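The basis for the numbers below is simple: all heavy atoms, side chains too, and nothing from hydrogens, waters or symmetry mates. Nothing here was measured: the structure is a model prediction, and the numbers come from that model.
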Amino acid sequence: MLSIGEFSKICEVSTKTLRYYDEIGLIHPDEINPENGYRYYSIKQLTKILFINRLKSYHFSLEEIKDILEWEQDHFEEKLSTALNLKKRKLQEKLRTYEYTLKQLNSDVLNLEKGISMMSYLNKIEVQLVETKPMNILYTRQMLSSDDYTFGYGKYFSKLYETIATEKLTLLGTPITIYHSEEYNPAGNDTEFALPIEEILNGTRELREGLCAKSVYKGPYSELTSVYAKLTEWIENEGYEMVNSPYEKYITDPTQTTHPEDLVTEVYFPVKKRS
């Protein structure tokens, strides 16, 4: 048996943290002296704490780790492999985001050294006035927090694609996201995911035709706020006003490119001339 101090020293986890792990049910001491309350851990528990440390290093939350530790032994390795692969994809996405951010930061530094404004890139965002045609869309509408966006998109679009495949429906275009909330709320935003299809049935609706201010943006989704700002400025300067919820069309399938700068998105703001 190892005292909590010895166990702490070997696994490089503080005694305070070990007590917290005990409190939340992550790992309990094998023995507690009833007279003085001293905690003791067995040698075999070193493997368990190392496993916990490894999962923490992969950015699993303590709640996620606790769930994993409680899995039944049947198919444990298979379920763990699935969880690790999902975490790997999330980390790869973050890595690509950091790589793009670093590239963008370097570009800003170089521009400033040349006397070019850091926000000059906004001038490269073009806006055009277009008449859109009506579309019949298969849709689902959800309240999504800002943390849900990246992975929520794949989840809900996947369900729509499954419906199309199961019902043998006719897909007519690329995915669309429509934003219905009047203001941004990190806790949740009214978001509609849609795919244009030919068949009119339960679960479809018409996305009406109309006049739109449109921008085409090539780059990561995180930069679309710049497009929204540019469109809003253009609408004000040109004497138009918004008449409906803005929406995005994803021309490039994000699963088919590993470079965020290659993503192509069309952004539409339904408008009318201000009276």
Are any of the side-chain heavy atoms of Leu18 and Ile49 separated by less than 4.5 Å?
-> yes
For the residue pair Asp190 and Met143, establish whether any side-chain heavy-atom pair is separated by less than 4.5 Å.
-> yes
Can you tell me how far the CG atom of Leu112 sits from the OG atom of Ser107, to the nearest 0.5 Å?
-> 9.5 Å
Any chance NZ of Lys273 has more than 12 other-residue heavy atoms, nucleotides or ligands included, within less than 6.0 Å?
-> yes
Inspect the contact between Lys168 and Glu199 and indicate whether a charged nitrogen and a carboxylate oxygen are less than 4.0 angstrom apart.
-> no
Please check if the side chain of Glu223 supplies one atom and the backbone of Pro220 the other of a donor-acceptor pair under 3.5 Å.
-> no
Looking at side-chain heavy atoms only, is the closest gap between Leu129 and Glu238 below 4.5 Å?
-> no
Drop me the distance from Thr252's OG1 to Glu266's CD, to the nearest 0.5 angstrom.
-> 9.5 Å
Separation of Lys114 NZ from Ser120 OG (nearest 0.5 Å) = 10.5 Å
The reported gap from CD in Glu248 to OH in Tyr179 (rounded to nearest 0.5 angstrom) is 3.5 Å
Hey, are Glu93 and Lys90 close enough for a salt bridge, meaning a charged N less than 4.0 Å from a carboxylate O?
-> no
Would you please test Ile137 and Ile178 for side chain to side chain contact (heavy atoms under 4.5 Å, CB included) and show each step?
-> CA-CA 11 Å; Ile137 56 173; Ile178 306 165; 4.2 Å; yes
Measure the shortest side-chain to side-chain distance between Leu86 and Thr82 over non-hydrogen atoms and say whether it is less than 4.5 angstrom.
-> no
Throw together a table of side-chain donor-acceptor distances under 3.5 angstrom for residues 36-44, partners on residues two or more places apart or in other chains.
| from | atom 1 | to | atom 2 | distance (Å) |
| --- | --- | --- | --- | --- |
| Asn36 | OD1 | Tyr38 | N | 2.9 |
| Arg39 | NH1 | Asp22 | OD2 | 2.6 |
| Ser42 | OG | Asp30 | OD2 | 2.8 |

Assess whether atom CZ of Phe76 is packed by more than 12 heavy atoms of other residues, nucleotides or ligands within 6.0 Å.
-> yes
For Gln128, look at atom CD and say whether over 12 heavy atoms of other residues, nucleotides or ligands are found less than 6.0 Å away.
-> yes
Does atom NZ of Lys79 have more than 12 heavy-atom neighbours from other groups under 6.0 Å away?
-> yes
Note, Thr163 side chain near Leu195 side chain (heavy atom, < 4.5 Å) = no
Do the non-hydrogen side-chain atoms of Ile4 and Pro29 ever get within less than 4.5 Å of each other?
-> no
Can you name the closest pair of heavy atoms from Leu80 and Ile68 and give their distance?
-> CD1-CG2, 4.3 Å
Is the count of non-hydrogen atoms from other residues, nucleotides or ligands lying under 6.0 Å from Leu102 atom CG greater than 12?
-> yes
Hey, are the side chains of Ile197 and Thr170 touching, using non-hydrogen atoms and a 4.5 Å cut-off?
-> no
Begin from the C-alpha positions of Tyr121 and Ser226 and carry the test side chain to side chain donor-acceptor pair (under 3.5 Å) through to its verdict.
-> CA-CA 9 Å; Tyr121 74 93; Ser226 297; 2.8 Å; yes
How about Tyr221 and Leu224: do any of their side-chain heavy atoms sit closer than 4.5 Å?
-> yes
